[in-house]
Amino acid sequence: MSTWAPLRSPVYRALWIAQLVSNLGTWMQTVGAQWILVEEPNAAALVAFVQTALALPVMLLSIPSGVLADLVDRRRLLIGAQAGMALASLTLTVFTATGHTTPAVLLSLLFLLGCGQALTAPAWQAIQPELVPRDQITSAAALGSMSINIGRAVGPAIAGVIVSVAGPTVVFGFNTLSFLGIVAVLVVSKWPTRARTLPSERPLAALQAGTRFIRAAPAIRRVLFRAILFIAPASAVWSLLPVIAHSRLGLSSDGYGLLLGALGLGAVCGALGLSRLRVLFTPTQRLALAAILFGFGAVATALVPSVPVVLVLLVGAGLAWLLAMSTLNSTMQLLLPAWVRARGLSVYMLVFMGGQAIGSLLWGLVAGAYGAVTALLIAAGMLACCAVSTLWWPIRHNVEDLDLSPAAFWPEPQLVVEPDPEDGPVLVMRGYDVPPERVAEFTAAMALVGRSRQRTGAMEWRLYRDVGTVDRYVEAFVVRSWAEHMHQHQVRLTARDHEIELTVADFAAGSQTVAHLVAVEPG
């Protein structure tokens, strides 16, 4: 599948172009904000706070944002968030033009922009499977990463020229227009919306449901684990590259921009060659290759004195970054059904941002104690361990074959009393008749059934043997409320859950053995 295949979709293409322009605006804004602060007292700390003001809201709000993106119309959420960011950016533009942008005002507005980004990111990721076919998700993830890296590589250079000629006001104005461009595309574009036949989940219940899903999905937990193993050491290069550029390679800010440009160029090359790499390597092998290439980049920045050689190896590191991020991101998207996709992706974002933020802090401490070269060599060693660990902890390689389309295959319960939506907890029990010679086969299959029940809403699940009936086994699971059980019935089950349940269908004792019990308070 070609990397460019998702761009055949008019809606995706328009959004991708708008996102690319917005990424350029975001990185240009960062340069303009830092330029305003360089003449202030305590400039070093204030300049560092620029990144903190933008990144902190993402770490704090990514999980609530993911819950919100699964509960409301994602298109409307994106329009509101982008419009809010445009308003904050316009305020910054006006204040700067009139000379009222103090450090406190600047950092406050940047924090608001970070909050908008936190609201946007999970919904933005979650709409991709709604815009492109399932077999193009990996390519879409690569194009998204390429857009970010083009912005990272080109935006600061453009901003440097504009700020030196016209000042930061123009940069902030461009960023405002970039947000309005996304709003315009979202307003004009149409894509299929999710039909809702049940009331929306309550936020706290939705958060708990998302947590249960991830807890009962080993494949997703493995992706998050592999993300930590890669991002934590890789963050050393991003955080220490300015120090290496200045103190060891003797480069100015332009030279540092050239190093960043090499990383961005590598990411673009990685996106262009991704279709070929997908044919040659499994997702796990791509992660191992990414760790090795990025490790070489870390070693080069630590030890190689030649700037051209460092640039070449940083191109390889940029390719590795794109390869790892597109593989991890697309695998997460492909493992998440629509009803919980934004919540799952918000957890991935928290791991990604937290790994970079905490990793950068720790690598800064290590560099302060032992030097930047030592820190980078340690990071390279950890990346080598990350590559080797794929032998024991691979990620699932056939995720594109999983059918996670909604499948409401459970029969509606036969009721003589209609519970209220908030009644509960609800205990569901189902009996199975299992011959002695098939008990091992049955219990192995029921382990997968139990995970399916927990992913779709069960707070507790157990398998029991009925000692009062010959060869009778009973599964029992508890759901928080009747409304949540109805969501489980009608919204959360997928074709994959159906496949799992079919493995025990031969043992089912009949619909008359399915019981729904709603808790009541003794009076």
Side-chain angles (χ1 to χ4, degrees), residues 4-29 54 57-58 61-62 64-93 109 112-134 136-137 139-148 150-151 155 172-196 200 329-330 333 336 338-346 349:
W4 306 107
L7 295 178
R8 295 170 189 157
S9 164
V11 176
Y12 180 87
R13 181 172 62 248
L15 286 172
W16 186 83
I17 293 172
Q19 183 191 34
L20 174 61
V21 174
S22 183
N23 285 329
L24 287 170
T26 297
W27 284 99
M28 291 167 65
Q29 168 196 266
L54 290 169
V58 179
L61 300 177
S62 61
S65 298
V67 172
L68 185 63
D70 276 332
L71 299 185
V72 304
D73 184 277
R74 290 168 184 160
R75 177 170 164 269
R76 293 182 179 180
L77 175 61
L78 288 171
I79 290 173
Q82 293 293 318
M85 295 169 75
L87 180 60
S89 184
L90 177 61
T91 303
L92 179 58
T93 304
L109 290 171
L112 290 177
L113 286 165
C115 291
Q117 184 61 39
L119 284 172
T120 296
W124 192 275
Q125 295 284 341
I127 64 171
Q128 291 190 23
E130 300 172 12
L131 303 179
V132 300
R134 187 171 177 83
Q136 295 180 10
I137 293 298
S139 297
L143 287 171
S145 297
M146 183 171 71
S147 170
I148 293 171
I150 290 175
F172 297 150
F174 177 85
N175 197 37
T176 302
L177 293 176
S178 74
F179 292 132
L180 293 175
I182 292 181
V183 171
V185 172
L186 288 168
V187 169
V188 173
S189 301
K190 304 291 184 182
W191 62 79
T193 57
R194 296 170 292 164
R196 296 184 183 273
S200 295
N329 187 287
S330 62
Q333 292 192 40
L336 291 163
W339 71 270
V340 76
R341 186 176 296 132
R343 277 166 277 188
L345 288 169
S346 70
M349 287 179 50

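The shown structure was predicted, so the numbers you read here are calculated from the model rather than taken from an experiment.
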Q: Give me the atom names and distance for the closest heavy-atom approach of A342 to P122.
A: O-CB, 3.9 Å
Q: Kindly compute the distance separating CG (L87) from CG (L180), expressed to the nearest 0.5 Å.
A: 10.0 Å
Q: Just to verify, which of T26, L113, N175 counts as forming a side chain to side chain contact (heavy atoms under 4.5 Å, CB included) with M85?
A: L113
Q: Please report the shortest heavy-atom distance between V132 and A140, naming the atom on each side.
A: CG2-CB, 4.3 Å
Q: Might you work through the side-chain contact (heavy atoms from CB on, under 4.5 Å) test for L112 and T91, ending with a clear yes or no?
A: CA-CA 11 Å; L112 290 177; T91 303; over 6 Å; no
Q: Examine distances only and state if a side-chain atom of R75 and a backbone atom of S189 form a donor-acceptor pair shorter than 3.5 Å.
A: yes
Q: Test your reading of the model: is there a side-chain donor-acceptor pair from S22 to the backbone of Q19, 3.5 Å cut-off?
A: no
Q: Is a donor on one side and an acceptor on the other found under 3.5 Å between the side chain of R74 and the backbone of A123?
A: no
Q: CG/L61 to CD/Q117 distance, rounded to the nearest 0.5 angstrom?
A: 11.5 Å
Q: If every non-hydrogen atom of P6 is compared with every non-hydrogen atom of Y12, which pair is closest and at what distance?
A: O-CD2, 3.4 Å
Q: Of the non-hydrogen atoms in V183 and I79, which two are nearest, and what is the gap between them?
A: CG2-O, 4.1 Å
Q: Which atom names give the shortest non-hydrogen contact between P57 and A118, and what distance separates them?
A: O-CB, 3.5 Å
Q: When you measure from the side chain of S346 to the backbone of S65, do you find a donor-acceptor pair of N or O atoms at a distance under 3.5 Å?
A: no
Q: Kindly indicate whether the side chain of I182, heavy atoms from C-beta on, has any atom under 4.5 Å from the side chain of W124.
A: yes
Q: Drop me the distance from Q128's CD to I137's CD1, to the nearest 0.5 angstrom.
A: 6.5 Å
Q: What's the separation between atom CZ in F172 and atom CG in L177, rounded to the nearest 0.5 Å?
A: 14.0 Å
Q: For side-chain contact (heavy atoms from CB on, under 4.5 Å), just list the numbers for W339 and D70, CA-CA rounded to whole Å, side-chain angles, deciding distance to a tenth of an Å, and then say yes or no.
A: CA-CA 6 Å; W339 71 270; D70 276 332; over 6 Å; no
Q: Any chance the side chains of Q333 and N329 put a donor and an acceptor closer than 3.5 Å?
A: yes
Q: Going from CD on Q125 to OG on S330, what distance comes out if it is rounded to the nearest 0.5 angstrom?
A: 10.5 Å
Q: Rounded to the nearest 0.5 Å, what separation is found between the CG atom of L186 and the CG atom of L15?
A: 5.5 Å
Q: For residues S147 and W16, report the shortest heavy-atom separation together with the two atoms involved.
A: CB-NE1, 3.8 Å
